[in-house]
Protein chains: 2
Amino acid sequence: MVRKAGKMAKSVSVDDVVNVLRERIVNHELPPGAKLREAPLAAEYGISRARLRDAFSILEQLGLIERVRNQGAIVTRLSAEQVDELFAMREVLEALAVRLATENAPKGAWDELTERFGPQAERAIAEHDLDYYISIVTAFREQTIAASQNEILSQTLDGLYDRTKVLIRRLLLVPGRAQTGLIEHRKILAAMNAGDAVLAEQLKRENIRGACEWFRNYRKFIL
Amino acid sequence: MVRKAGKMAKSVSVDDVVNVLRERIVNHELPPGAKLREAPLAAEYGISRARLRDAFSILEQLGLIERVRNQGAIVTRLSAEQVDELFAMREVLEALAVRLATENAPKGAWDELTERFGPQAERAIAEHDLDYYISIVTAFREQTIAASQNEILSQTLDGLYDRTKVLIRRLLLVPGRAQTGLIEHRKILAAMNAGDAVLAEQLKRENIRGACEWFRNYRKFIL
DNA sequence: GCCAACCAGATTGTCAACAATTTTGACGAT
DNA sequence: ATCGTCAAAATTGTTGACAATCTGGTTGGC
């Protein structure tokens with residue numbers, strides 16, 4: 001998209017630039033290994049190089065880019081080991097979110113979500129409509145994290161998810177993965193609806209561990 | 001301490017300043033709520049204000065300080081709710097580290113640690129030698145995290161621990177807490193020595209959850 | 001041809017001055 | 001005395017220029 005040269009009502013902030021760059025990185029619009037040069041990016045976003053460097057500093061803390069002194073910044077390349085590490089942490093943290101959400105939420109809080117995981121989800125998967133499955137899984141994650149009422153957990157999980165987002169989408173391309181995930185999520189939701197927080201946590205752990213196993217088996221196609 | 005004015009072999013880096021400030025913050029040498037002014041700190045560490053600001057940016061990402069625009073930075077004040085949030089995350093993440101450590105480590109990897117949790121620990125606690133107890137608990141945490149061979153987990157846990165370090169130390173002042181923690185750690189180590197990763201993880205969770213409960217009960221004395 | 005030294009261009013790192021904003025303190029009216 | 005106003009001082013935010021470093025290509029010697 002062509003950049004507007006005219007003056008905005010207010011100048012873009014460092015956080016704005018961080019969010020735009022984060023989006024571009026997690027969607028692999030800026031692929032792993034891509035070199036990020038300061039001057040062109042600063043010009044593109046209409047900010048000074050110093051402020052863009054502040055944005056780089058934040059992206060580095062988030063683990064999205066890596067910087068070497070006097071050599072610049074590149075989009076982080078995830079090794080297979082690092083993916084395993086991220087999955088291990090998501091396993092326990094997303095499961096924690098599910099447990100807290102189950103404990104905190106009132107009765108019937110998951111009715112709408114349960115409905116969306118119903119027969120129409122089955123049909124969507126049969127027709128290879130992966131966007132639908134992605135939308136309900138995203139809704140599940142966002143709603144459970146919000147209901148967990150744990151801000152620090154929410155931020156940490158967002159950071160972890162950003163780093164694996166593309167891989168998770170690719171994993172859904174593997175035949176059978178979406179169907180397996182659907183069944184597992186139904187079981188989790190059943191436990192949540194029954195108010196069994198401990199079981200829901202355990203099932204969510206098994207869900208992510210299973211996803212990690214599938215990833216290992218199809219690693220060469222996904223990475 | 002009086003600052004040396006002479007030139008060093010190499011100038012201090014931003015990371016050096018971050019580490020010094022982090023140390024001062026987690027030890028409450030800079031207490032929660034303390035205002036951090038840029039110019040005096042930059043002069044104290046012998047760096048320019050711009051670089052000190054970079055350090056502030058990192059500390060903000062770590063959650064150790066909070067900044068408001070045009071108003072400066074203060075050391076983060078933890079609310080009771082935030083402490084609960086941090087404990088909830090430590091519960092699952094440190095337990096994960098214990099599980100991974102148990103799975104990864106060879107036979108006998110915990111012999112030295114088990115020895116240090118032996119009768120001499122009992123005597124130290126009876127004599128109110130809390131430093132000894134702190135040393136072995138620290139060793140337990142550091143060795144399990146290292147053995148988990150998960151760098152991202154390690155960094156995340158370091159960040160969480162920094163923010164609660166002083167509170168954990170104060171919790172040990174509560175009569176009986178150290179003794180309870182000692183017994184729990186012995187059980188965890190027994191499971192680790194037996195190679196039962198799942199049990200060790202479960203016991204570590206109960207250990208931290210218990211610590212969180214004690215904290216809740218003595219909140220008004222500790223916070 | 002091959003390699004090392006070297007130079008020009010590009011890129012990143014650092015700084016000190018300037019601008020914008022907030023805080024402080026004095027002053028005067030009610 | 002209390003409050004509002006306003007200017008001065010202190011503090012933070014931003015920028016452009018300069019220094020340090022790396023990259024890639026060229027030259028010259030073997």
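Values below: all heavy atoms of this structure, side chains included; hydrogens, waters and symmetry mates excluded. A, B, ... follow the sequence lines: proteins, then strands. Residue 1 opens every chain.
- Qualifying side-chain hydrogen bond (donor to acceptor under 3.5 Å, both in side chains) partners for E94(A), counting only residues two or more places apart in sequence or in other chains: R90(A).
- Residues passing the side-chain contact (heavy atoms from CB on, under 4.5 Å) test with E81(A), sequence neighbours excluded: S79(A).
- For N217(B), the side-chain contact (heavy atoms from CB on, under 4.5 Å) test picks out no residue, with sequence neighbours left out.
- Counting only residues at least two apart or in different chains, ring-ring contact (aromatic ring centres under 6.0 Å, His included) contacts with residues 13-42 of chain A are absent.
- At least one side-chain nitrogen or oxygen of Q71(B) sits closer than 4.0 Å to the OP1 or OP2 atom of dT23(C).
- A search for side-chain contact (heavy atoms from CB on, under 4.5 Å) contacts involving V174(B) returns L171(B), R177(B), W214(B), Y218(B), I222(B), not counting sequence neighbours.
- Looking at residues 31-42 of chain A, you'll see L36(A), R37(A), E38(A) sit with a heavy atom under 4.0 Å from some atom of DNA chain C.
- Checked against salt bridge (charged side-chain N to carboxylate O under 4.0 Å, His left out), E23(A) has no partners two or more places apart in sequence or in another chain.
- Among residues two or more places apart in sequence or in another chain, the ring-ring contact (aromatic ring centres under 6.0 Å, His included) test is passed with F56(A) by none.
- Between E29(A) and R22(A) there is no salt bridge, since no side-chain N of the basic residue sits under 4.0 Å from a carboxylate O of the acidic one.
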Contacts under 3.5 Å, N or O only, protein and nucleotides 14-20 of chain C:
{"unit_1": "dT14(C)", "atom_1": "OP1", "unit_2": "R69(A)", "atom_2": "NH1", "d": "3.4"}
{"unit_1": "dT14(C)", "atom_1": "OP1", "unit_2": "R69(A)", "atom_2": "NH2", "d": "3.3"}
{"unit_1": "dT14(C)", "atom_1": "OP1", "unit_2": "R51(B)", "atom_2": "NH2", "d": "3.2"}
{"unit_1": "dC15(C)", "atom_1": "OP2", "unit_2": "S48(B)", "atom_2": "OG", "d": "2.9"}

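- Using a 4.0 Å cutoff to heavy atoms of chain B, the contacted part of DNA chain D runs 5' to 3' from dT11(D) to dT14(D).
- Sorted by first and then second residue, the side chain to side chain donor-acceptor pair (under 3.5 Å) pairs involving residues 136-153 of chain B (not counting sequence neighbours) are N104(B)-Q149(B), R141(B)-Y161(B).
- Q71(B) pairs by the side-chain contact (heavy atoms from CB on, under 4.5 Å) definition with V68(B), not counting sequence neighbours.
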